[in-house]
Amino acid sequence: MDSPGVSGICCQKGMLGCARVRSTYYCLVGPMRSSVNPASILWHPRGHKRSVFFPKSEQPTSRKMVMHGLCIIIGKALAVGILFLSICIFSRIVPPRFPRNIPAVPFWVTLLSLVRDIDQEDIYRRHIQKPLQTHGAIKIFFAGQWNLLIQRSSYLNEIFRNEDVYQKSGNQKKIPHSVLAEFLGRFPVSPSVALLLTLGPKGDNVISSRGTTWRLYRDIITPGLQGHFDAGLIAANAEELCSSLLAFQNTVGNCGVPVQNLLQQFTIANVSQKPTKGDESSLHQLQLAVKREIFKPIFMNFPVLDRLGKLIPCRVRARNVVEQFSAALQYGVRHGQGTPNASNLGARLMAARDGGVLTGKQFRDNLNVLFVAGQENPQLLLISMLYLLAKHPVSVSCPLKSMELMSQDVQSRLRREIDACSTLDPSNVAFSELPYLTCVIYESLRLLPPISQLINRRTSQDVILGNQIYIPKGTYVGYNCYSTNRDPAVWGPTADEFRPERWGQSNTEISQCYRQRRARAEFVSFHGGSRACLGEKFALLEARVALFVLVSRLSWSLDPEWPDRKTPVSRVCNS
Ligand code: HEM
């Protein structure tokens with residue numbers, strides 16, 4: 001963990017030492033400067049300062065003197081460069097002065113994942129939870145800079161409502177030279193140059209853009225995400241998923257079955273609006289490779305390394321994988337067999353590009369980001385739901401008046417609710433018939449939000465958050481969803497427990513609770529304000545249909561051999 005810092009400091013010391021030697025040298029010869037060429041002095045080997053004057057025969061030739069002069073210039077440039085780099089590194093490591101009245105998580109916490117395989121949960125509990133819950137906000141180092149991380153709902157509400165002050169700012173602006181930025185919509189040259197010269201296709205994407213560009217993307221995308229979805233297709237894909245899981249289980253016998261790959265193929269098929277056929281696996285494999293390459297902790301924490309371009313072979317590989325993935329995705333959308341439906345998301349993006357409304361680059365960047373958001377987040381939600389069902393078979397929070405529930409585990413209760421529905425076809429069932437199932441989904445989203453921490457905004461001016469925290473212009477601001485969703489001040493002493501019942505009993509109660517918690521920014525899994533997730537409706541439908549099928553057809557338990565832990569930090573994406 002310490003090695004980058006240590007080597008940085010060594011470098012600095014080395015250069016400072018060197019500079020001192022040289023200045024002493026000049027000092028010694030100072031009085032003679034008028035009669036001695038300084039180049040000849042430096043030419044002389046160190047330690048023989050007295051024989052500064054050469055005998056005529058040994059005097060350096062003019063060629064040697066030129067070479068010598070060059071050495072001095074290069075040496076000076078190097079010294080200045082290293083000094084500058086050291087100052088940069090140092091100024092990065094030290095937390096900024098403002099905001100003054102909130103603590104900073106020590107810089108080294110960010111580097112923990114570089115030295116050992118550590119669970120996110122452990123880092124959160126040991127280093128982040130307490131200061132965050134006490135102060136409602138902290139300073140934290142991430143992606144090569146210090147950021148403000150918010151937890152308190154009232155602060156978050158203020159941020160969500162003030163898009164003009166807390167402006168969306170994605171990775172392509174925050175770390176424009178990174179491979180991640182390239183993946184999600186980096187400008188080929190700096191935005192200002194691109195604007196001036198109007199050359200180079202413009203990029204950006206619906207999640208990170210602002211103003212008219214964002215509205216343009218949103219208007220193209222929204223009908224594809226909020227129209228009518230084919231729940232029958234999702235149900236058929238869920239049946240297919242169950243069959244694959246069962247087949248897998250039969251091959252491994254009594255052992256646990258890893259579910260993530262199959263769940264991801266399921267969500268890929270759904271967002272592509274086509275039946276699962278197994279051909280998702282190539283995109284799936286490419287996407288795994290992209291994630292593996294992009295989210296290496298060393299490059300996430302020090303994205304400046306991405307500037308070294310071809311000098312780091314694994315970054316060359318990362319860029320190639322990103323290109324391959326993007327090309328495969330575009331090919332899939334153009335030639336795939338998705339539902340031939342004009343409201344299909346891919347079809348809408350393609351029409352916008354073919355009609356000249358979007359440039360090729362805008363098409364590519366939006367496609368990349370929508371594909372990732374559209375299947376990665378639902379897949380994470382599904383895996384969290386299954387994990388929580390398997391881990392908490394007994395419903396712990398039944399009020400005394402409903403003692404009957406005490407003896408039921410969550411899965412049995414879900415099954416009873418499903419069996420009592422007017423139809424066993426999930427594509428035809430009215431979800432108002434499944435209040436408990438809805439609670440299980442909300443509770444899973446609350447406890448294990450797919451995007452647990454997000455740093456996605458930048459202040460456009462100096463501002464005082466909640467009349468308490470002075471934030472200078474240009475500060476990156478984000479939030480820790482995991483912590484906000486579990487804030488005991490809001491959710492009570494059972495905030496860390498899986499209690500689906502907390503959302504209510506009847507449909508009216510549940511939807512009112514959900515709306516209120518979202519409006520007060522107490523439940524922020526789908527972000528909030530005008531920039532809330534556009535795919536929420538689709539994601540919830542997919543989760544309902546999938547849970548319906550997965551619970552009515554299969555029973556879920558944790559493999560006792562599996563070490564119960566969340567994702568290691570080194571495998572996690574943050575924004
Ligand atoms: C459980 C599933 C999902 C969760 C928890 C989730 C969460 C989020 C979050 C936290 C944001 C804010 C991101 C940021 O500011 O950087 C967001 C934005 C967005 N999400 Fe989702 N998402 C989910 C599913 C989806 C799906 C299925 C789609 C559809 C393809 C989608 C499309 C979008 C879009 C387009 C935005 C940008 C909204 C805007 O800025 O106007 N999401 N989502």
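Each ligand, and each atom within it, is numbered from 1 in the order the structure gives.
Residues Gln453 and Gln120 bring no donor and acceptor atom of their side chains to less than 3.5 Å of each other.
Neither the backbone nor the side chain of Glu536 has a heavy atom within less than 4.0 Å of ligand 1. With a 4.0 Å heavy-atom cut-off, ligand 1 is reached by the side chain of Pro450 but not by its N, CA, C or O. Neither the backbone nor the side chain of Leu380 comes within contact range of ligand 1; no heavy atom lies under 4.0 Å. With a 4.0 Å heavy-atom cut-off, ligand 1 is reached by the side chain of Ile451 but not by its N, CA, C or O. Contacts between Ala532 and ligand 1 below 4.0 angstrom, taking non-hydrogen atoms only, involve the backbone exclusively.
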Item to complete: Evaluate side chain to side chain contact (heavy atoms under 4.5 Å, CB included) for Leu547 paired with Leu389, printing each intermediate quantity in order.
Response: CA-CA 10 Å; Leu547 193 58; Leu389 287 188; 3.9 Å; yes
Discussion item. If you apply the rule salt bridge (charged side-chain N to carboxylate O under 4.0 Å, His left out), what do you find for Arg457 with Glu163, and how did you get there?
Written reply: CA-CA 9 Å; Arg457 291 173 186 256; Glu163 236 279 296; 3.3 Å; yes
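Ligand 1 has no N or O atom lying under 3.5 Å from any N or O atom of Tyr479, backbone or side chain. Looking at ligand 1, you'll find an N or O of Arg531 within less than 3.5 Å of one of its N or O atoms.
Aromatic pair Phe548/Phe431: ring centres not closer than 6.0 Å. When ring centroids are compared, Phe523 and Trp503 come within the 6.0 Å threshold.
Shown in contact with Gly374 at under 4.0 Å from a heavy atom are these atoms of ligand 1, numbered in order with element: 26 (C), 27 (C), 28 (C), 29 (C), 30 (C). Distances below 4.0 Å separate heavy atoms of Phe538 from the following atoms of ligand 1: 27 (C). Against a heavy-atom cut-off of under 4.0 Å, Ala373 is close to the following atoms of ligand 1: 24 (C), 25 (C), 26 (C). Listed by number with element, the atoms of ligand 1 under 4.0 Å from a non-hydrogen atom of Ser525 are 5 (C), 7 (C), 10 (C).
Taking 2.8 Å as the criterion, Cys533 counts as a coordinating residue of atom 21 (Fe) of ligand 1, since one of its N, O or S atoms falls below it.
For Phe371, the closest heavy-atom approach to ligand 1 does not fall below 4.0 Å.
Nearest heavy atom pair, residue Arg415 against residue Leu554, reads NH2-O, 3.2 Å. Taking all atoms of both residues into account, the shortest heavy-atom contact from Ala269 to Pro275 is CB-C, 4.3 Å.
Note that Arg218 lies in the cation-pi zone of Trp214, set by a 6.0 Å cut-off to the ring centre and a 45° limit from the axis. With a 6.0 Å cutoff to the six-membered ring centre and a 45° limit on the axis angle, Arg446 counts as a cation-pi contact of Trp491.
Of the candidates Leu370, Leu225, Asn377, the one placing a heavy atom closest to atom 6 (C) of ligand 1 is Asn377. Among Glu163, His527, Lys168, the residue whose heavy atom lies nearest to atom 15 (O) of ligand 1 is Lys168.
Using a 4.0 Å cut-off between charged nitrogen and carboxylate oxygen, Glu501 and Arg413 count as a salt-bridge pair.
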